[in-house]
Each structure stands twice: as structure tokens, then as C-alpha cells.
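Notes for the one structure printed next.
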Amino acid sequence: CAPVAVRRGGDAELLAAQAARERALAPLDRWSLTARIVVSNGKDGGSGTLEWMQDGAEYTFVVRAPVTGKSFRLQGGPDGAVLEGLDTQPLRDADAERLLARELGWHVPLAELAAWVRGLRAQGPAELAFGADGLPSTLEQDGWRVEYRDWYTDRQPPLPQKVFAERAPYRVRVAIERWQLP
Amino acid sequence: ADGARARLDAFAKGLGAVSAHFAQTVYDVNGQPADRTEGTLALSAPRQFRWETTTPYKQLIVADGMHVWIYDPELEQVTVRNQGVEESHSPLTVLTDLSQLDREFKVSEQGSRDGCVWLRLKSTAKDPQFEYADLGFGPAGLERMDFKDTLGNRTEIRFSAWQRNPKLPAGTFRFTPPKGADVIGDITPEAEVHPLGH
């Protein structure tokens with residue numbers, strides 16, 4: 001259910017509410033989510049169930065598509081990334097996003113998505129628009145357009161349930177089944 | 001002998017199509033259930049299957065014999081791939097075309113546990129997506145399929161309500177992307193469909 005009215009981000013009250021949400025959520029640096037993910041470059045891509053476990057600056061990003069595609073586990077952090085499951089040997093790179101793009105052809109802005117998937121702005125300038133429910137409906141940052149199609153509003157602060165991110169020709173869509181936060 | 005292989009052959013004899021309910025649990029590396037889904041499946045030898053997840057989310061997988069379609073209505077996305085060699089090594093298609101079993105898998109009896117007699121299938125493919133798949137036969141026929149993926153995650157599928165050669169709706173093994181859904185993947189025209197290399 002896409003939000004009805006869209007109010008531009010200029011509204012101080014809405015921006016203040018967003019800042020409050022970010023102050024509440026940003027410091028919680030141990031969280032995890034279970035979701036379904038689809039990644040595409042307009043021609044090709046992949047999909048599967050996603051488990052994302054964030055622990056401070058370290059994270060584990062597991063995608064499983066046992067019957068229909070590839071399953072892999074990507075572990076990333078300040079000192080590089082390791083990708084297992086695609087090859088008999090683990091694959092490594094200093095940069096997780098580059099590793100995923102090179103080995104799987106998946107273009108996923110992992111660092112920024114860690115904020116966007118929680119409905120937060122990543123570092124740097126961002127343009128927000130809000131829905132009738134006062135929650136972000138779109139967030140534009142670093143050339144990406146992030147649409148918040150649905151939210152879990154039965155918790156405080158609310159967390160996204162469906163996130164569609166796009167920077168032509170790349171697309172990352174996540175439907176979140178479960179959030180786990182401290 | 002009433003070993004698992006005999007039970008499999010009995011299950012497969014004269015089987016054109018079959019349908020059932022499934023309950024699938026995927027366990028993470030430390031054995032915790034990570035993903036539980038339920039739905040219905042239909043299989044039709046030699047290469048057609050339909051795997052429709054209904055809870056907790058909707059997802060449809062249709063293999064029409066040439067392509068494997070995956071449709072996630074919530075993500076408004078259709079992914080399509082040639083039904084190449086990979087598919088023939090997924091446990092799902094083992095069920096679909098049991099006559100291929102000995103050509104593509106090494107089969108071994110595993111004895112009985114959990115109320116089933118078990119048969120292990122080890123793929124003969126170069127780098128299979130599965131270490132092995134175990135088929136469990138109980139009083140109701142094929143009741144369980146367990147397999148481990150390349151990450152060591154165990155998937156357990158429980159089957160129930162088997163129907164042999166059911167009357168299936170016409171479009172069961174066909175898929176047409178709905179209007180507005182984003183379709184990605186490779187739809188090679190029929191003439192050029194050839195098994196995917198790794």
C-alpha cells in the first residue's frame with residue numbers, strides 16, 4: 001500500500017521526526033533481518049532469501065536460492081570481505097561491493113543499504129519525501145532512489161517492510177519478513 | 001528387500017504427474033531454523049514442475065521444460081533462466097524424472113531413522129549445488145527430502161497429501177509474466193535452448 005499524499009522534505013516537523021528516528025536507530029549497531037531479495041541490472045540478476053546480520057562494522061550477508069539459483073555467504077568489515085559458496089575456495093577482496101559485483105554480477109551498495117534498509121539516511125547529502133503516515137516514502141542519495149513501499153509501524157521506531165532501491169540500470173528490492181534488534 | 005530404493009521404485013512406477021503439499025525448513029549452519037515455508041508442488045515427468053510457496057509469503061517457481069520462472073509478487077519481479085543442466089541436478093527434478101536417477105546420481109541405502117527408510121543421492125555433476133539429497137520413505141510414501149547446499153545449510157522438506165496422476169489445471173506448468181512485473185534473466189528462443197555451462 002503506497003502512501004497516499006507525498007509531502008516534500010521541506011517540512012521541518014517531518015524532518016525533525018526523521019532525525020529523532022535516526023538518533024534512536026543509528027547507535028543500535030547490532031541488528032539482523034530475514035528477508036527476500038531480488039537484484040537486477042535490468043537484463044539479468046538473481047533472487048533468494050536473505051539473512052543480514054550486522055555487528056558493529058562487521059556483517060554477514062547470506063543469500064540462499066537452493067533450488068533455483070546460487071547460495072552464498074558474504075562476510076564484510078573494515079579489513080575486507082570473504083565470499084563463500086560460489087566456488088570450492090572462499091573468494092576475497094578488500095571491498096565487499098566490488099567482490100559481489102565481480103563474482104556474481106550483483107551491484108548492491110552494501111554500506112549505504114545498511115542505513116537505507118532501516119529507513120535512515122546514509123552519510124552525505126540526501127533528499128527525503130514523506131508519506132501521509134509521516135514516514136519516509138522516498139529517499140534519494142548517491143544517485144540511488146529508495147522507495148519505502150511498506151513499514152512495520154507496530155513497533156517504535158517503525159522499520160521498513162518493503163524497500164525498492166534503484167539506480168538505473170541497477171535495482172535492489174528487499175521484502176523484510178523479520179527484524180531483530182536489541 | 002523393502003529398502004528405500006524399492007520404495008522409490010514403487011513410488012515412481014507409472015508416475016506421469018504427481019502433486020503434494022510441502023513444508024520446508026531451512027536450517028542455518030548452527031542448526032537453527034532460518035526460513036520456514038509451506039505450499040503446494042506439482043511434478044510432471046520428464047522436466048516440468050511447479051513449486052508454489054503460499055505461507056508466510058507468496059512465491060511461484062514454474063519449470064515448463066525449457067525455462068525456470070521465479071515470480072515474487074510482493075517484489076514485483078520475475079526471474080527466468082534456461083532450464084539447463086543445473087536443473088537436472090536439483091533434487092526437485094529427481095522427483096520429476098525418477099528414470100534419470102541412476103544416470104545423474106550415485107544412490108545408496110541409508111537405513112531407517114525418524115520413522116522413514118532413507119536413500120542418499122550423490123550428484124555425479126562436476127560441481128553440484130548439493131553435497132547430497134536424502135529421500136525418506138514412510139507409510140505414506142515419500143515423506144521427507146533433506147539436502148545440504150554449498151554453504152552447509154540443511155534444508156528439510158516434508159511432503160504430505162500426495163496425489164498420483166491428479167487432474168491438473170491446464171496452465172499448471174506454464175507461466176506468463178503479469179503486466180507491470182519486471183522480468184529479468186535470459187529467455188533464449190526455443191531453437192537456441194542448450195544446457196547452461198557452469
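Each chain gets a letter, A, B and so on, in the order the sequences are listed, and its residues count up from 1.
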Is there a salt bridge (Lys or Arg N to Asp or Glu O under 4.0 Å) between B:R120 and B:D134 once you walk through the steps? CA-CA 4 Å; B:R120 173 157 295 181; B:D134 285 347; 2.8 Å; yes
Portion of A:F164 that has a non-hydrogen atom of chain B nearer than 4.5 angstrom: side chain
Under a 4.5 Å heavy-atom cut-off, does chain B meet the side chain of A:L86, its backbone, both or neither? neither
Checking A:V174 against chain B: side chain, backbone, both or neither under 4.5 Å from a heavy atom? backbone
Electrostatic pair B:R144-B:D114, nearest N-O below 4.0 angstrom: yes
Before you tell me yes or no, could you show the steps for A:E51 and A:R64 under salt bridge (Lys or Arg N to Asp or Glu O under 4.0 Å), namely the whole-Å CA-CA distance, both residues' side-chain angles and the distance that decides it to 0.1 Å? CA-CA 9 Å; A:E51 261 181 85; A:R64 260 192 299 275; 2.5 Å; yes
Answer with side chain, backbone, both or neither: which region of A:T49 has an atom nearer than 4.5 Å to a non-hydrogen atom of chain B? side chain
Between A:E177 and A:T34: side-chain donor-acceptor atoms closer than 3.5 Å: no
Report the option among B:L75, B:V80, B:T79 that has the most heavy-atom pairs separated by less than 4.5 Å from atoms of chain A. B:L75
Salt bridge check, A:R145 against A:E166: does any charged N sit closer than 4.0 Å to a carboxylate O? no
Proximal component of A:V39, with respect to chain B [non-hydrogen, under 4.5 Å]: backbone
For A:F61 and A:W106: C-alpha separation, side-chain torsions, deciding distance, then whether ring-ring contact (aromatic ring centres under 6.0 Å, His included) applies. CA-CA 13 Å; A:F61 185 94; A:W106 284 27; 7.6 Å; no
Below 4.5 Å from any heavy atom of chain B, which atoms of A:R36 appear? Answer side chain, backbone, both or neither. both
